[in-house]
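Below is one structure, written out as structure tokens; the observations come after it.
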Amino acid sequence: MLPWVQLDSAMAPGGGELRLKQRGTEFSIMLGTNELMNSRLSGSEEALAKLSCDRIRARRSPHMLIGGLGMGFTLRAALSELGADAHVTVAELVPSVVAWGRGPMAQVFGGCLDDPRVTVRETDVGALINAAKSLYDAILLDVDNGPEGLTRPANDALYSLAGLSRARAALRPGGVLAVWSQGPDRSFTNRLRQAGFAVEEVKVRAGGKRGARHVIWLAAKPGESGGKRPA
């Protein structure tokens, strides 16, 4: 068995150290003793993108906001589903994560950061949501381990009733807020409904057909149901 080798580290917002490790062709991003993501397990992150794209596929020039770059699995899956007229904005708060995607993990990212449809913003996704009004067709949140996150207490604001209401305002009519989580959370489902969303909860496997069961919430803003958005 090959040993893990630490390639780099970066300070996580709010404290703690993110560590990028490699073992052969496998990569891992750790926070302390917790593994946040692994290059061998991408199924649920890809499902986050595909399920969201299914709901906006017929829209003209859709604009998607992805909160959290990670290992690029959600971004790559979204680009494979969206047409040439789409635009994807990625918000990543840790510059080193972007650098890892262009450097040691370039093969994992497969050039997706250089796709002309992609804009990377090194900022808090919450700031982009708060500044937007009916701007996005889809907002995808994969910034932590879900509503009960562990990397950054400030992320709680995204999942609060006020934060969900701001996300709803940032979506175009009929747009979708998709949220990845390590596990179920009944209180979060209730908050989504209180914020005015129609909610669907989908369970997916971390490794596609194997691995832990993760949860994706698909929360639709009332309005047009996926047809062409207003010009």
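All residue numbers in this chain count up from 1 along the given sequence.
- In terms of modelled atom types and a separation under 3.5 Å, the side chain of S160 and the main chain of G163 share a donor-acceptor contact.
- Each of R55, R59, R60 was checked for a side chain to side chain donor-acceptor pair (under 3.5 Å) with D137, and the lone residue meeting it is R59.
- Not a single donor-acceptor pair under 3.5 Å links the side chain of E92 to the backbone N or O of V98.
- Using modelled atom types, no side-chain atom of R19 and backbone atom of D8 make a donor-acceptor pair closer than 3.5 Å.
- W217 and T189 form a side-chain donor-acceptor contact under 3.5 Å, judged by distance and modelled atom types alone.
- Counting only heavy atoms from C-beta outward, the side chains of V5 and R23 never approach each other to under 4.5 Å.
- Between atom CZ of residue F27 and atom CD1 of residue I29 there is a gap of 10.0 Å, rounded to the nearest 0.5 Å.
- Residues W4 and M105 fall into different hydrophobic clusters, defined by Ile, Leu, Val, Met, Phe, Trp and Tyr side chains chained together at heavy-atom separations under 4.5 Å.
- Under the 4.5 Å side-chain heavy-atom criterion for Ile, Leu, Val, Met, Phe, Trp and Tyr, L7 and M37 are members of the same hydrophobic cluster.
- Residues S52 and A178 approach most closely at OG-CB, 3.2 Å, considering heavy atoms.
- Side-chain atoms of R213 do not come within 3.5 Å of backbone N or O of Q182 as any donor-acceptor pair.
- A donor-acceptor contact shorter than 3.5 Å links the side chain of D115 to the backbone of R117.
- A side-chain N or O of S28 and one of E35 form a donor-acceptor pair less than 3.5 Å apart.
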**Residue pair R102, F109: steps toward the side chain to side chain contact (heavy atoms under 4.5 Å, CB included) verdict** = CA-CA 8 Å; R102 297 189 184 278; F109 275 71; over 6 Å; no
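- Cluster membership check: M30 does not share its hydrophobic cluster with M71, using side-chain heavy-atom separations under 4.5 Å among Ile, Leu, Val, Met, Phe, Trp and Tyr.
- Here the straight-line distance linking atom CG of L164 with atom CZ of R166 works out to 9.0 Å at 0.5 Å rounding.
- Judged by distance alone, with hydrogens and angles left aside, the side-chain atoms of K221 form a donor-acceptor pair with the main-chain N or O of R168 at under 3.5 Å.
- Checking E17 against S9 by side-chain atom types alone, a donor-acceptor pair falls below 3.5 Å.
- Between the side chains of H87 and T119, a donor-acceptor pair is found at a separation under 3.5 Å.
- Here L161 contributes atom CG and F188 contributes atom CZ; the two are 10.5 Å apart, rounded to the nearest 0.5 Å.
- For the residue pair H63 and T89, a side-chain donor N or O sits within less than 3.5 Å of a side-chain acceptor on the partner.
- When the side chains of ILVMFWY residues are joined at heavy-atom separations under 4.5 Å, either directly or via intervening members, V202 and L48 end up in a single hydrophobic cluster.
- Between the side chains of W180 and S44, at least one donor-acceptor pair of N or O atoms lies under 3.5 Å.
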